[in-house]
Protein chains: 2
Amino acid sequence: MTTIGFIGLGVMGAPMAVNLATAGFDVVGYNRTPSKVEPLVAAGGRKVSSAAAAASGSDVVITMLPDSPDVERVLLEEGGVFDVATAGTLVIDMSTIRPDLSRQLAQAGGDRGLRVLDAPVSGGEQGAIDGKLSIMVGGDADSFAAAKPVLDVMGATVVHVGPAGSGQTVKAANQLIVAGAIELVSEALVFLEAHSVDRERAVEVLAGGLAGNAILNRKAAAMLAGDFTPGFRVDLHHKDLGIVTAAAREAGVAIPLGALAATLMGSLRAQGHGSLDHSALLVQIEQLSGRSASN
Amino acid sequence: MTTIGFIGLGVMGAPMAVNLATAGFDVVGYNRTPSKVEPLVAAGGRKVSSAAAAASGSDVVITMLPDSPDVERVLLEEGGVFDVATAGTLVIDMSTIRPDLSRQLAQAGGDRGLRVLDAPVSGGEQGAIDGKLSIMVGGDADSFAAAKPVLDVMGATVVHVGPAGSGQTVKAANQLIVAGAIELVSEALVFLEAHSVDRERAVEVLAGGLAGNAILNRKAAAMLAGDFTPGFRVDLHHKDLGIVTAAAREAGVAIPLGALAATLMGSLRAQGHGSLDHSALLVQIEQLSGRSASN
């Protein structure tokens, strides 16, 4: 049986690990806050008390952590994953981190005989629960083929997009589009309210045409209800947009709408809304338009 | 048999009128350039030589014209549609025009006993050909109910969104989201190219997650091929974004991304690209990023 060490059982990681256990994999979970391993244990997984213990003796190690420094520490620290994993182990980082760091980690892991992939995801908590994430994978083709049966349990769309770091680059593009789309939907919703249009019906018809997008389908109803329970927090999207703007700047790519969306997301966070769902961009457009918050 | 006068048989109007004729309606078509009525005639419709002739004796009159002044002239001029249509006639303007003009036309038509609806569409030429447009309808509920069997032939999503003008308001919101979404996809595509990612595969995975939108589904392939054959011309989207920004300004609504997208669309047009498909926003991001055009 394939043993999978799963490190990082947060909002996304927990349901992903549960799905792997349910699919019959031997899943060994570690999380800094130990109570978060309980759903995995309930699904038949095992609980360990360190990242190294999750990696020891595992065929596959998956990391799902908040930010670049977390991944760097867990993989590279003295006695960390790269020290204890045996040659040939697949190390799949599914966190959203800097593409340049993913390339460095692939190099450092390769030097030790490990097979390292960057495989960030999109689709949110519901996608993680349903096993229907989009997974964008960077790394070599053989490692991707080896990882595919594991990734298919967690994702509905699992695509190899290029060499190490490419998964993170595509995820950065994803986060640019998502932030911009939330902002556009927010602007449209405030515009419609100001003109006294039935917004529920408007969302229905907007979703059916060329304006159709996943934000209208999955988030507009909660936005209209003023429900900004995360979901995906402003804090994390703000972090991701820092990656996007830095990577665009390094490559000399102009992202006018992306950069403006990043500014607005940063402003929302600066006003104390970092722990709301990213769809709370609506609140800011309401403020900027002198309108009270939804409901 | 219901007779429908159809005025304006352009890229969108022609296939819409053809679908009505094919569905068994008696369709009487007028277009300023007479040759454009031929597809309707081939589908069993009739050709007349003036807007008034299309409206005379028709139970329903549909206008599908480029801009506000065109609609105003055809409906209100001496001997125009409002002069010759008999009381009770349904006048359905499916053009994209200013919401305030739609309200005025509904009032003026109502004063003469006509039932006027604003019913702009989204979905592009392909949606028109397939009879799968999204149609957003403003006007009173009885007139909407009377028009529904006709609109259902042309649209897959036909929604009554509110009183006169509401259809145009929702269409304005639609055009805001579409312009912004094309721009976001353009920024993402240039970003991915600059980082040497396989863009076809990236589009596949982006379309499957929270970044998913109709632009990725329907336009990204042509954009990657550098094919900007309209479709929907920059000139027309620029006109629509003028409606959006004016209507937002009047209502005091902040549309930061929408306004920036309008600026970029205007710039694209000012550089001589008005007759390209609106997805040519990609060309501008390539220029701004110092990269040669696609292909």
Side-chain angles (χ1 to χ4, degrees), chain A residues 99 122-124 127 133-136 156-157 159-162 166 169-170 172-174 176-178 180-181 183-185 187-188 190-192 194-198 201-202 204-206 208-215 218 247-248 251-258 260-261 264 285 288-290, chain B residues 99 122-124 127 133-136 156-157 159-162 166 169-170 172-174 176-178 180-181 183-185 187-188 190-192 194-198 201-202 204-206 208-215 218 247-248 251-258 260-261 264 285 288-290:
Chain A
S122 178
L133 294 167
S134 281
I135 308 181
M136 35 216 100
T157 308
V159 182
H160 183 216
V161 291
S166 301
T169 302
V170 176
N174 186 85
L176 185 167
I177 294 175
V178 171
E183 177 65 23
L184 290 168
V185 169
E187 295 177 13
V190 177
F191 177 86
L192 291 167
H195 287 93
S196 305
V197 168
D198 181 326
R201 290 190 188 174
E204 180 192 344
V205 70
L206 291 170
L210 197 54
N213 63 54
I215 305 302
R218 301 191 206 168
V253 175
I255 51 166
L257 263 60
L260 182 51
L264 292 164
I285 295 299
L288 290 170
S289 304
Chain B
S122 179
L133 295 166
S134 282
I135 307 181
M136 36 217 99
T157 309
V159 182
H160 184 217
V161 292
S166 300
T169 302
V170 176
N174 186 84
L176 184 166
I177 294 176
V178 170
E183 176 65 24
L184 291 167
V185 168
E187 295 177 13
V190 177
F191 177 86
L192 291 167
H195 287 94
S196 305
V197 168
D198 182 325
R201 290 189 187 175
E204 181 192 345
V205 70
L206 290 170
L210 197 54
N213 62 54
I215 305 302
R218 300 191 206 167
V253 175
I255 52 165
L257 263 61
L260 183 51
L264 291 164
I285 295 301
L288 290 170
S289 304

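Each chain gets a letter, A, B and so on, in the order its sequence line appears, and its residues count up from 1.
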Quick check: closest heavy atoms across [X] and [Y], and the distance to 0.1 Å?
{"X": "A/V253", "Y": "B/A194", "answer": "CG2-CB, 3.4 Å"}
{"X": "B/A202", "Y": "A/V170", "answer": "CB-CG2, 3.9 Å"}
{"X": "A/A173", "Y": "B/L206", "answer": "C-CD2, 4.3 Å"}

Looking at chain A, which one of [options] has the largest number of heavy-atom pairs inside 4.5 Å, strictly under?
{"options": "B/E187, B/R201, B/H195", "answer": "B/E187"}
{"options": "B/A172, B/A247, B/A188", "answer": "B/A247"}
{"options": "B/G180, B/A261, B/G290, B/S196", "answer": "B/G180"}
{"options": "B/N213, B/V161, B/L210", "answer": "B/L210"}

Best-contacting candidate, [options], against chain B by heavy atom pairs under 4.5 angstrom:
{"options": "A/A251, A/G208, A/A211, A/G127", "answer": "A/A211"}
{"options": "A/L176, A/T169, A/L133, A/I285", "answer": "A/T169"}
{"options": "A/G123, A/P256, A/S122, A/G162", "answer": "A/P256"}
{"options": "A/I215, A/V197, A/L288", "answer": "A/V197"}

Indicate yes or no for a side-chain donor-acceptor contact from A/S134 to the backbone of B/G209 under 3.5 Å, with no hydrogens or angles considered.
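Checked: pair present.
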Are any side-chain N or O atoms of A/E204 and backbone N or O atoms of B/V159, one a donor and one an acceptor, separated by less than 3.5 Å?
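No.
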Which is it for A/L257 and B/L264 under the side chain to side chain contact (heavy atoms under 4.5 Å, CB included) test, yes or no, and what are the steps along the way?
CA-CA 10 Å; A/L257 263 60; B/L264 291 164; 4.0 Å; yes
Just how far is it from atom NE2 of B/H160 to atom CG of A/D198, taken to the nearest 0.5 Å?
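B/H160 NE2 to A/D198 CG: 9.5 Å, rounded to 0.5 Å.
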If I measure from the heavy atoms of chain A, does B/A156 come under 4.5 Å with its side chain, its backbone, both, or neither?
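Interface part for B/A156: neither.
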Non-neighbouring partners of B/R218 that pass salt bridge (Lys or Arg N to Asp or Glu O under 4.0 Å), sequence neighbours left out
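For B/R218 there are no salt bridge (Lys or Arg N to Asp or Glu O under 4.0 Å) partners, ignoring immediate neighbours.
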Quick one: side chain to side chain donor-acceptor pair (under 3.5 Å) partners of B/S166, sequence neighbours excluded?
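Partners of B/S166 by the side chain to side chain donor-acceptor pair (under 3.5 Å) criterion come out as none, since no residue qualifies.
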One pair to check against side chain to side chain contact (heavy atoms under 4.5 Å, CB included): A/V205 and B/I135. What are the steps and the verdict?
CA-CA 7 Å; A/V205 70; B/I135 307 181; 5.9 Å; no
